[in-house]
Peer 1: 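One structure is given below, represented as structure tokens, and several questions about it will come after.
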Amino acid sequence: MTVALIDYGAGNLHSVHNALKAAGAADIAVTADPAVVRGADRVVLPGVGAFGACASGLRALPGMIEALETRVLRDAVPFLGVCVGMQLLATTGEELGSHAGLGWIAGTVRQLPPSPDVRVPHMGWNDVVPVADHPLIERGEAYFLHSFAFDGDAVLATTEHGGPVTAAIGRDNIVGLQFHPEKSQRYGIALLERFLAWKP
């Protein structure tokens with residue numbers, strides 16, 4: 001089983017690679033090659049930084065968007081988006097202007113509203129509370145680091161940060177995580193184990 005870990009200059013690749021390996025993945029291809037994505041059995045899209053820069057970096061790889069759409073949307077291989085990789089599933093992101101996402105799950109990525117009682121960015125350990133049944137998402141504690149959050153359809157789990165904040169989204173063979181499984185110790189590794197065994 002080959003896992004394609006997409007390298008578009010905007011991901012914490014080393015940590016995500018090591019976490020996937022710890023979860024049992026034997027064949028991980030860190031790649032910017034659409035041909036590798038088309039042959040992969042699972043696809044992971046990491047991401048750190050600003051939404052617009054990440055979206056531009058992904059679109060700058062010739063043929064990558066088409067390869068992702070073919071393998072994930074048409075062929076329905078399991079897909080996992082992490083942090084900004086999850087946010088890119090949305091229709092639009094509002095960080096530093098309005099930017100088009102992949103549009104795979106309807107929604108907008110908006111800034112967390114600051115208040116005297118809530119710090120932005122949302123950083124540190126927080127509860128993941130499932131709001132829909134899904135084989136990958138279990139209740140637990142995970143590590144978050146973000147200033148923007150998804151607001152839209154297909155929410156699988158929330159966390160609390162001055163009100164409910166989307167922690168996970170998904171539909172069909174697609175799941176996105178706002179938190180970092182690679183930084184979430186046993187909870188994160190167990191989730192990645194479930195992803196590697198998942199047969200949507």
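These numbers were taken from a predicted model, which means no experiment stands behind them.
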Peer 1: Consider side-chain contact (heavy atoms from CB on, under 4.5 Å). Of V16, L177, L20, V3, which one does L80 pass it with?
Peer 2: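 Testing each of V16, L177, L20, V3 against L80, the sole residue satisfying side-chain contact (heavy atoms from CB on, under 4.5 Å) is L177.
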
Peer 1: Could you tell me if the side chain of V82 sits less than 4.5 Å from the side chain of P181, heavy atoms only?
Peer 2: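 Touching, per the 4.5 Å side-chain cut-off.
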
Peer 1: Might you work through the ring-ring contact (aromatic ring centres under 6.0 Å, His included) test for F179 and Y143, ending with a clear yes or no?
Peer 2: CA-CA 6 Å; F179 54 88; Y143 187 84; over 10 Å; no

Peer 1: So, R74 side chain and E69 main chain: donor-acceptor pair closer than 3.5 Å or not?
Peer 2: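 Looks like no, no N/O pair under 3.5 Å.
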
Peer 1: Which heavy atom of P164 sits nearest a heavy atom of E160, and at what distance?
Peer 2: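 Closest approach of P164 to E160: N-OE1, 3.7 Å.
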
Peer 1: Are V30 and F195 joined in one hydrophobic group, where the rule is that I, L, V, M, F, W and Y side chains link up if heavy atoms are under 4.5 Å apart?
Peer 2: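 Yes, one cluster joins them.
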
Peer 1: Between L73 and I105, is there shared hydrophobic-cluster membership here, with clusters defined by ILVMFWY side-chain heavy atoms closer than 4.5 Å?
Peer 2: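 Hydrophobic grouping puts L73 with I105.
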
Peer 1: Do Q178 and Q87 have side chains that approach each other closer than 4.5 Å (heavy atoms only, starting at C-beta)?
Peer 2: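 A side-chain contact exists here, since the closest heavy-atom pair is under 4.5 Å.
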
Peer 1: Nearest 0.5 angstrom please: T31 OG1 to L5 CG, how far?
Peer 2: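 Rounded to the nearest 0.5 Å, the OG1-CG separation comes to 9.5 Å.
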
Peer 1: If we ignore hydrogens and angles and just use 3.5 Å, is the side chain of Y8 paired with the main-chain N or O of L45 as donor and acceptor?
Peer 2: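 Checking the backbone N and O of L45 against the side chain of Y8, no donor-acceptor pair under 3.5 Å is found.
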
Peer 1: Could you work out, with salt bridge (Lys or Arg N to Asp or Glu O under 4.0 Å) as the rule, every residue matching R139, not counting sequence neighbours?
Peer 2: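 Here no residue qualifies.
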
Peer 1: Please determine whether salt bridge (Lys or Arg N to Asp or Glu O under 4.0 Å) holds for the pair R186 and E193, giving the CA-CA distance in whole Å, both sets of side-chain angles, and the decisive distance to 0.1 Å.
Peer 2: CA-CA 10 Å; R186 185 59 206 157; E193 288 172 350; 3.1 Å; yes

Peer 1: Work out which heavy atom in L102 is nearest to a heavy atom in R59; give both atom names and the distance.
Peer 2: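 Nearest heavy atoms, L102 then R59: N-NH2, 4.3 Å.
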
Peer 1: Using a cut-off of 6.0 Å, state whether more than 12 heavy atoms not belonging to M1 lie near its atom CE.
Peer 2: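 Correct, the count exceeds 12.
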
Peer 1: Distance from L68 atom CG to R38 atom CZ, nearest 0.5 Å?
Peer 2: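 One gets 9.5 Å once the value is rounded to the nearest 0.5 Å.
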
Peer 1: L196, V44: one ILVMFWY side-chain cluster at the under-4.5 Å cut-off?
Peer 2: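 In one cluster with L196: V44, yes.
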
Peer 1: Rounded to the nearest 0.5 Å, what separation is found between the CG atom of D153 and the CZ atom of R171?
Peer 2: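 Answer for the CG-CZ pair, D153 versus R171, is 10.0 Å.
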
Peer 1: Hey, could you give me the OG/CZ distance between S147 and R119, rounded to the nearest 0.5 Å?
Peer 2: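 Here the rounded value is 11.5 Å.
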
Peer 1: With a 4.5 Å limit on heavy-atom distance, are the side chains of E138 and R194 in contact?
Peer 2: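 They are in contact (side-chain heavy atoms under 4.5 Å apart), so the answer is yes.
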
Peer 1: Looking only at side-chain N and O atoms, does D27 offer a donor or acceptor that is under 3.5 Å from a partner on T2?
Peer 2: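 Looking only at side-chain atoms, D27 and T2 do form a donor-acceptor pair, the distance falling under 3.5 Å.
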
Peer 1: Would a distance-only check, ignoring hydrogens and angles, find a side-chain to backbone donor-acceptor pair under 3.5 Å from H180 to E182?
Peer 2: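 No; zero donor-acceptor contacts below 3.5 Å.
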
Peer 1: Side chain to side chain contact (heavy atoms under 4.5 Å, CB included) for L58 and M64? Distances and angles first, verdict last.
Peer 2: CA-CA 7 Å; L58 190 60; M64 181 57 77; 4.0 Å; yes

Peer 1: Less than 4.5 Å apart, any side-chain heavy atom of V84 and any of C54?
Peer 2: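 Yes, at least one pair of side-chain atoms sits under 4.5 Å.
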
Peer 1: Consider only side-chain heavy atoms of I, L, V, M, F, W and Y, link residues closer than 4.5 Å, and tell whether M86 and V165 are in one cluster.
Peer 2: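 Each belongs to a different hydrophobic cluster.
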
Peer 1: Show me the pairs that pass side-chain hydrogen bond (donor to acceptor under 3.5 Å, both in side chains) and involve residues 90-114, at least two apart or across chains.
Peer 2: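 For residues 90-114: R110-D151.
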
Peer 1: Donor-acceptor check, side chain of T158 to backbone of A167, threshold 3.5 angstrom: yes or no?
Peer 2: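 Judged by distance alone, no pair lies under 3.5 Å.
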
Peer 1: Could you tell me how the ring of H161 sits relative to the ring of H122: parallel (under 30°), tilted (30 to 60°) or perpendicular (over 60°)?
Peer 2: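 Aromatic pair H161/H122 classed parallel.
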
Peer 1: For A168, is there any backbone N or O sitting under 3.5 Å from a side-chain donor or acceptor partner on T166?
Peer 2: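 Judged by distance alone, no pair lies under 3.5 Å.
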
Peer 1: Can you tell me if R42 uses its side chain to pair, donor with acceptor, with the backbone of W198 under 3.5 Å?
Peer 2: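 Yes; judged by distance alone, with no hydrogens or angles, the pair exists.
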
Peer 1: Do I169 and L89 come within less than 4.5 Å of each other through their side chains, counting heavy atoms only?
Peer 2: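 Heavy-atom side-chain distance check passes, below 4.5 Å.
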
Peer 1: Short question: side chain of D75, backbone of V77 - any donor-acceptor pair under 3.5 Å?
Peer 2: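 Looks like no, no N/O pair under 3.5 Å.
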
Peer 1: Between A157 and V128, which heavy-atom pair has the shortest distance, and what is it?
Peer 2: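 Between these two residues, the closest heavy atoms are CB-CG1, 3.8 Å.
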
Peer 1: Is any side-chain heavy atom of F79 closer than 4.5 Å to one of V175?
Peer 2: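 Sidechains of F79 and V175: no contact.
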
Peer 1: Count I, L, V, M, F, W, Y as connected when their side-chain heavy atoms are under 4.5 Å apart, and connections chain through other members. Are I137 and V155 then in the same cluster?
Peer 2: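 Shared cluster, no.
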
Peer 1: Determine the minimum heavy-atom distance between G140 and Y187, stating which atoms define it.
Peer 2: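 Closest approach of G140 to Y187, heavy atoms only: CA-CE1, 3.7 Å.
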
Peer 1: List the atom of V36, the atom of A29, and the distance in Å for their closest heavy-atom pair.
Peer 2: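 Looks like CG1-CB, 3.8 Å.
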
Peer 1: Would you call Q185 and I189 a side-chain contact if the rule is heavy atoms closer than 4.5 Å?
Peer 2: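 No, too far: nothing below the 4.5 Å cut-off.
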
Peer 1: Do P46 and L13 come within less than 4.5 Å of each other through their side chains, counting heavy atoms only?
Peer 2: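 SC-SC contact between P46 and L13 confirmed.
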
Peer 1: Nearest 0.5 angstrom please: L88 CG to I6 CD1, how far?
Peer 2: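 Between L88 CG and I6 CD1, I get 12.0 Å after rounding to 0.5 Å.
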
Peer 1: Please find the pair of heavy atoms, one from F51 and one from V109, that lie closest to each other, and give the distance.
Peer 2: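 Of all heavy-atom pairs spanning F51 and V109, the closest is CE1-CG2, 4.0 Å.
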
Peer 1: Mind checking the CG-CG spacing from L156 to L136? Nearest 0.5 Å is all I need.
Peer 2: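 Output value for this atom pair is 9.0 Å.
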
